[in-house]
*Asks:* 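I'd like to ask some things about the structure below.
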Amino acid sequence: MPLELKRSLQELKTSLPKHLRRVGLKHFQLGGEYTNKYFQGVVVLSYPLTRLGNGKAFFKIVLQESENSYFRPDTINILLFGRLAEDCEKVVHQEDTVVIAGFNVTKSASKDGRHCCQLEVPDEAGSSVFISSKSRTTATSETATISVAPKYIYTPLNHLKGGTVVNLYGVVKFFKPPYVSKGTDYCSVVTIVDQSDTKLVCTLFNENRDALPKIYKNGDIVRFHRIKVQEFNGQFQGVTSNGFAALTFDSTVGAPVVPRTTSKLFTFTDEDKKTVENLRVWVARNFSNSAPAADLSSIQPQMFFDLTCQLVGKAKVDGSSYLLKVWDGTKCPFPSWKVLIKEDDLEGDGVLINQLKNLSVDVIVYDNHVQLAKSLKVGNFIRMYSLHAKSQSPEDKPDVSYIQFHLHGGTGYGRGITVLPENHPDVKELKVFLDSQATRGYADSENSSSQEPEHSYLTLGSCLEEYQQLSVTVLTDHQHFDVTTVNTILNSRVPQQYRIRAKLRRFEPKKLHQSVKLLCPQCNSLQEVPDVSEFDALLQASSKHPNPNLQNIPFCQSVVWDIENQGRRYVAIHFVTRYELLQEPEDSLIMIEGGTVPEILRLSKKFKGIIPVRSIEDNLVSLDLSAPFFWQGNIQYYGCRRCSDPKAMPSLHALAAQQNALWESTTIAEALGIVLLQYVFVMKFTLDDGTGTLDAYLVDSEKFFQIPASEILTSYIFQDNMERIMNKLCPTGTNPDDFPSLECFIKSYYVRDGTEEQLSFQIFDTTIAEDV
DNA sequence: GTTTAGGGTTAG
């Protein structure tokens, strides 16, 4: 039984459950409703503890409502039972102030001049006795709470009824962090869902922001007590009712089950723990983590995202907007808009703000968010939800763009700000990272401090200058690497990885189609992409005489066409079935014997995929691997002649028997024992950083250009994009000094050239910036 | 013992 000590009557009062309302003696009557009521009085008399006939403990006290009351009677009998009686008997003394809740009002059994009703406090869930002693000075026993933990029943979301007050568990599917409503309260809208897959939108109000659930992300688990269910627009909604209380839990499976709440008084049983743990498992299985969280280094223009960051400065902009300067330790890959404000208006450590100016970004928050933004403290760790990274161009320079960060007005899509507590795991992690970045940041500014302008804030003009030096490539990993000069790299003979910043002087080959090759991921051999028109002879050589015995392949339905009606050329088509059923053509895999390249190309527009085959004895096998073994849409897939160990077509049987097997090049190649060749761009970049030049190879299937090498030869759009990118990296007719910079990772490795080993370089983990 | 908002991007 919980026993809580209080230091004063004041503390006792503030710790009483908020849903309890005081009720006076004169309101007691038989048959009244006292569920959420408490009675307070001073002990004027207490009787010795006795046992009832059933052995249950019984303790009686008399409480006086007020010493100076005009009203008579002003005392009432209180009857306590069971464990509650035993515990109270130990601590209750005359003159103590006692608050009782969870009682029944019955007719007084004795004619003693006291109130005609008596209060029975059963040894049951929900019964509580709060005791505050008047004058004893021993510190530990001044006040006490004695209560029987209420037994809460939780209603599954698919069992809700309108007009009821219930207790709920749920997983947050959507939420608006608490914001200032137009009324008197904070508001938070929370959509929850539970294992019944039923959704409930809850609209929660409280004048105290901390009383609303402390939700930090979708997937968090909440427990709501005393929430009212009502119908709105034909659907149930949850709204706060008297005594609403919320607990919030992180949903990480295995993490300690610690509720987030500011309430000191709440029940939390082993059963609650189990419920949370079960919900965690459910979340792990059923919630895809599609949260739009991002750090500054991974933002894309026009995206809305959640940013976890630290506030380094803030300033008033005008009546409806407010500036927050924040950082998360990563660098925004685009030039970002800096707001010009008066230095006097800026709150925060000027030196620090200056040191972090290349890492921090300016966020403008609007309208309803201004009030909350003002209340933030510099140094706070905050999360902003649905922040807009808006791409803008100055009017006179449409080819230049920069990012503005807006937290627009309104609360749609959960737009808002929360302060994260210092002990939040994400904050702990961020602190460590920020510390490491700050150290680097200080070093940078020390080197260049002599050239620093006096004022700390970049105007738009200087932001554009910065753009000139921005890299047209983005590093996708290892951002902590420092830049190494080409000169240093050339003098090193040890294979290793570097980050460099240089300009692209030249590249080869000049003709795009010459840069696409086929790479074997196993033996690393490269080969040219053959011209498919050369395969007609090979394709047709296979089937002058389709074998009629083959028309009964277990997982195929076959037809033979006499193409030229002269018996001179036959084409056999074997439709791969699933469970002996044909599928829709666009889902079907077919095998073809005979057929010309144009015929196969035409068929591959209609069918999911095509495997050219020939028959050997009574089996079907792939053609020679110099021809594509699989055709899909416009793409032909080749196998490595050195590494593959081709198997006959019945090897596809297992794949055909799988319920949802996709007819993809990778799975088919695997089933047929073929090592799939990868389409790659192979290019040589000559990079110059002023200290020297080096040739680095790019071998890339689609990461660097964000264009699939397999599709570029058949797509004019991709070819246009590619040309545009290369012209941006290495513009023709431009002074090479004005070329943009490329930031790349390169690794050095040895290649044997005859008897000599030569150091070569290859680009990796680098990609073209989105705005290029 | 009311009102607020009642999920579904600003338009700066």
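Chain letters run A, B, ... following the sequence lines, proteins first, then strands; residues in each count from 1. Model, not experiment: these values are computed from the prediction.
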*Asks:* Of the options B:dT9, B:dG7, B:dG12, whose atoms approach the side-chain atoms of A:Lys173 most closely?
*Replies:* B:dG7
*Asks:* Does OP1 or OP2 of B:dG8 have a side-chain N or O of A:Lys176 closer than 4.0 Å?
*Replies:* yes
*Asks:* Check the distance between B:dT10's P and A:His369's NE2 and give it to me in whole angstrom.
*Replies:* 10 Å
*Asks:* Ignoring the backbone of A:Val189, work out which of B:dT4, B:dG12, B:dG7 is nearest its side chain.
*Replies:* B:dG7
*Asks:* If we take the P atom in both B:dA5 and B:dG1, what is their distance in whole Å?
*Replies:* 23 Å
*Asks:* Using a heavy-atom cut-off of 4.0 Å across all strands, would you classify A:Tyr179 as base, sugar-phosphate, or nothing?
*Replies:* sugar-phosphate
*Asks:* Does the B:dG12 base have a donor-acceptor partner in the side chain of A:Asp367 within less than 3.5 Å?
*Replies:* yes
*Asks:* Backbone N or O of A:Leu420 within a donor-acceptor pair of the A:Arg383 side chain at under 3.5 Å?
*Replies:* no
*Asks:* Checking contacts here: which listed nucleotide (B:dT3, B:dG6, B:dA5) is nearest the side-chain heavy atoms of A:Lys182?
*Replies:* B:dA5
*Asks:* Run the ring-centre check on A:His225 versus A:Tyr154 and record whether the distance is less than 6.0 Å.
*Replies:* yes
*Asks:* May I ask whether A:Tyr413 stacks on the base of B:dG8, given the cut-offs of 5.5 Å between ring centres and 30° between planes?
*Replies:* no
*Asks:* Tell me the interatomic distance from A:Asn242, atom CG, to B:dG1, atom P, rounded to whole angstroms.
*Replies:* 10 Å
*Asks:* Is there, by distance only and without an angle test, a donor paired with an acceptor across the side chain of A:Ser321 and the base of B:dG12 below 3.5 Å?
*Replies:* no
*Asks:* Answer with yes or no whether the side chains of A:Thr75 and A:Gln64 bring together a donor and an acceptor at under 3.5 Å.
*Replies:* no
*Asks:* Is the backbone of A:Cys117 close enough, under 3.5 Å, to the side chain of A:His115 for a donor and an acceptor to pair up by distance?
*Replies:* yes
*Asks:* Could you tell me whether A:Gln392 contacts a base, only the sugar-phosphate backbone, or nothing, with contacts defined as non-hydrogen atoms closer than 4.0 Å?
*Replies:* nothing
*Asks:* Please tell me which of the listed nucleotides, B:dG12, B:dG6, B:dT4, lies nearest to the side chain of A:Phe205?
*Replies:* B:dT4
*Asks:* Is a donor-acceptor contact shorter than 3.5 angstrom present between the side chain of A:Arg21 and the base of B:dG1?
*Replies:* yes
*Asks:* Any side-chain N or O of A:Lys199 below 4.0 angstrom from OP1/OP2 of B:dG7?
*Replies:* no
